[in-house]
Amino acid sequence: MIKVTPKVKNILVPTVSIIAGFLVGALIMLAWSYNPIEAYSSMFSSALGNMNGIGETIREATPLIFIAVGFAIASKAGFFNIGLPGQAQAGWLTSIWIVLAFPKLPGYILLPFAIISGAIAGAIVAGIAGYLRAQFGTNEVITTIMLNYIVLYVCQYLMQQVMPASLRIGTDTTKTISPNGSLKIGWLSTMFGDSRINGGIFLALIGLVLYWYFMKKTTAGFEIKAVGLNPFASRYAGMSSKKNIIISMLISGAFAGLGGVAQGLGTYQNYFTQTSSVDIGWDGLSVALLGGGTAWGILIAAILFSVLKIGGLGMQTIAGIPYEIVSIVIAAIIFFIAINYVIGKIFKTKTNKSKYHIPTRKEKGPNNGVDGPGKKVIEGSTN
């Protein structure tokens, strides 16, 4: 085993997982007579080799950051929120609907209104699972999975049957939103080669800072972590586990909803019928796991996943390698992250012995002041 400090170990374990995932992908390419060096070169050159690719990579990372933060908050509270796709979809549809319904509102009112509405929609969906867990002890994994399907079909019904026809092109697609309700920024898109990068990235970075501050510097964040670590001890200390369960799920869902808002108001500028749960929900979950639930880790992991997603298209067009290989690499990375306990066994954590006083063999310790202050009883003598 390799001896490392705890901080270094936290970096090395996901790094080894990523490298192992890429190696698995390379072996599969070799098995099918593809050149992995050419494949990965085309991947990184497509994602990072020009301004358009960089812009698209950042754009792809934006919703993943939001959703990863949402998952991380629930995880800190001890819950496995896998309803992220449904929460993101609820935020997506809600934000688009708001902008289409009030096209004449000034942008400084309409855009914040749509963003906040999307976050609330995601929070409501997650809050249902949180309430059921807090009040009845219902397993949140089951409820959030079921809510994904409920939201999927409710959104389809709302768009096709409830949304006014004047807001839709047909039964499957809404109209494009007006510029005053869009996250698209002209100069930013031009700077990055006319890519679809948008102002959502600034909101995502602000969200990361707020997440760090909330978990590290606030009483509510401390209580959420305490409940996640030991709900019985936290209850004994006077913390309400039910309250913190619901709060953590509401915040988690709000961030996931913002991921959907970034997709709607930023990337696509409309909403269209989804035939399955939105992919950003599952990818954001993977980003959170890879990033270890930390703000910096989430940012780096989101960029990595975006490079894989955007660069995978380059692998297909430049190197002629099927896009499914990218999915295999991502799945392999997630697999190695899932078994990080095994990978962690490679590294042994160092202990800083200088912080602790280790008694000598003959030292018996203090004698409770019987012989005066500062006296210690030593085997065979007193000092």
Side-chain angles (χ1 to χ4, degrees), residues 60 62-64 66-71 74 81-103 110-132 140-178 181-183 196 198 200 203 249-285:
E60 183 74 20
T62 300
L64 301 185
F66 280 123
I67 293 172
V69 169
F71 179 83
N81 178 14
I82 55 176
L84 302 164
Q87 294 150 27
Q89 188 173 354
W92 183 351
L93 176 61
T94 301
S95 61
I96 291 293
W97 201 328
I98 291 292
V99 174
L100 291 174
F102 303 99
L110 180 58
L111 188 56
F113 182 28
I115 292 172
I116 294 172
S117 297
I120 292 174
I124 291 172
V125 175
I128 295 172
Y131 178 80
L132 292 174
E140 76 279 0
V141 174
I142 296 174
T143 53
T144 50
I145 287 177
M146 294 298 102
L147 282 168
N148 281 336
Y149 290 101
I150 292 170
V151 172
L152 174 65
Y153 295 114
V154 167
C155 285
Q156 184 173 335
Y157 172 79
L158 289 174
M159 178 188 163
Q160 295 179 346
Q161 304 295 328
V162 179
M163 180 181 286
S166 59
L167 306 183
R168 295 184 278 110
I169 294 176
T171 56
D172 295 326
T173 308
T174 68
K175 291 182 177 179
T176 302
I177 60 175
S178 55
S182 172
L183 285 171
R196 292 178 293 173
N198 56 78
L203 296 178
M249 288 298 286
L250 286 173
I251 298 174
S252 175
F255 272 99
L258 288 173
V261 170
Q263 283 291 81
L265 303 185
T267 300
Y268 294 108
Q269 308 285 302
N270 68 351
Y271 179 85
F272 47 89
T273 299
Q274 306 293 315
T275 57
S276 62
S277 298
V278 292
D279 291 338
I280 56 172
W282 307 118
D283 292 340
L285 187 155

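The figures here come from the full heavy-atom set of this structure, side chains too, leaving out hydrogens, waters and symmetry mates.
In this structure the side chain of D172 reaches within 4.5 angstrom of the side chain of Q160, judged on heavy atoms. Contact annotation: the side chain of L100 never approaches that of Y271 to less than 4.5 Å [non-hydrogen atoms, C-beta and beyond]. In this structure the side chain of T173 never reaches within 4.5 angstrom of the side chain of T273, judged on heavy atoms. Two residues are said to be in side-chain contact when any heavy atoms from C-beta on lie closer than 4.5 Å; P164 and W97 meet this criterion. L111 has its side chain within reach of L265: a pair of non-hydrogen atoms, C-beta onward, lies under 4.5 Å apart. Counting heavy atoms from C-beta on, the side chains of I128 and T143 never come closer than 4.5 Å.
With rounding to the nearest 0.5 angstrom, the CD atom of E60 is 9.0 Å from the OG1 atom of T62. How far OG1 of T267 is from CD1 of I280: 8.5 Å, rounded to the nearest 0.5 Å. Atoms CG and CD1, on L258 and I116 in that order, are 9.5 Å from each other to the nearest 0.5 Å. Within the model, atoms CD of Q263 and CD of Q269 stand 11.0 Å from one another, a figure rounded to the nearest 0.5 Å. Residue I98 holds its CD1 atom at 5.5 Å from CZ of F102, rounded to the nearest 0.5 Å. To the nearest 0.5 Å, atoms CG (N270) and CG (L93) are separated by 11.0 Å.
Across all their heavy atoms, S166 and K175 have their closest contact at O-NZ, 2.9 Å. Of all the heavy atoms in S178 and P103, the pair that sits closest is OG-O, 4.0 Å. Counting all heavy atoms, side chain and backbone alike, S95 lies closest to A114 at CB-O, 3.6 Å. Heavy-atom minimum distance, Q156 versus Q274: OE1-O, 4.2 Å. Minimum interatomic distance between G200 and F66 (heavy atoms only, all atoms of both residues): O-CE1, 3.9 Å. Here the closest heavy-atom approach between residue G266 and residue L183 is recorded as CA-CB, 4.0 Å.
Taking a 6.0 Å sphere around OH of Y131, one finds it holds 12 or fewer heavy atoms contributed by other residues, nucleotides or ligands.
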>> Between I150 and V125, is the side-chain contact (heavy atoms from CB on, under 4.5 Å) condition met? List the steps.
In response: CA-CA 10 Å; I150 292 170; V125 175; over 6 Å; no

>> Apply side-chain contact (heavy atoms from CB on, under 4.5 Å) to residues L84 and T144 and explain how you reach the verdict.
In response: CA-CA 8 Å; L84 302 164; T144 50; over 6 Å; no

> Is there a side-chain contact (heavy atoms from CB on, under 4.5 Å) between I82 and W282 once you walk through the steps?
Replying inline: CA-CA 8 Å; I82 55 176; W282 307 118; 4.2 Å; yes

> Between F272 and W92, is a ring-ring contact (aromatic ring centres under 6.0 Å, His included) present by the stated rule, with each step listed?
Replying inline: CA-CA 10 Å; F272 47 89; W92 183 351; 5.4 Å; yes

>> For a side-chain contact (heavy atoms from CB on, under 4.5 Å) check, start with the C-alpha distance between Y268 and R196, then their side-chain angles and the critical distance, and finish with the verdict.
In response: CA-CA 9 Å; Y268 294 108; R196 292 178 293 173; 4.2 Å; yes

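Of the N and O atoms on the side chains of S277 and N148, not one donor lies less than 3.5 Å from an acceptor on the other residue.
Just one residue in the list I96, I169, L167 forms a side-chain contact (heavy atoms from CB on, under 4.5 Å) with T174, and that residue is I96.
The main-chain N or O of T94 is never found under 3.5 Å from a side-chain atom of S117 such that the two would form a donor-acceptor pair. Checking side-chain atoms of Q161 against main-chain N and O of Y157 turns up no donor-acceptor pair under 3.5 Å.
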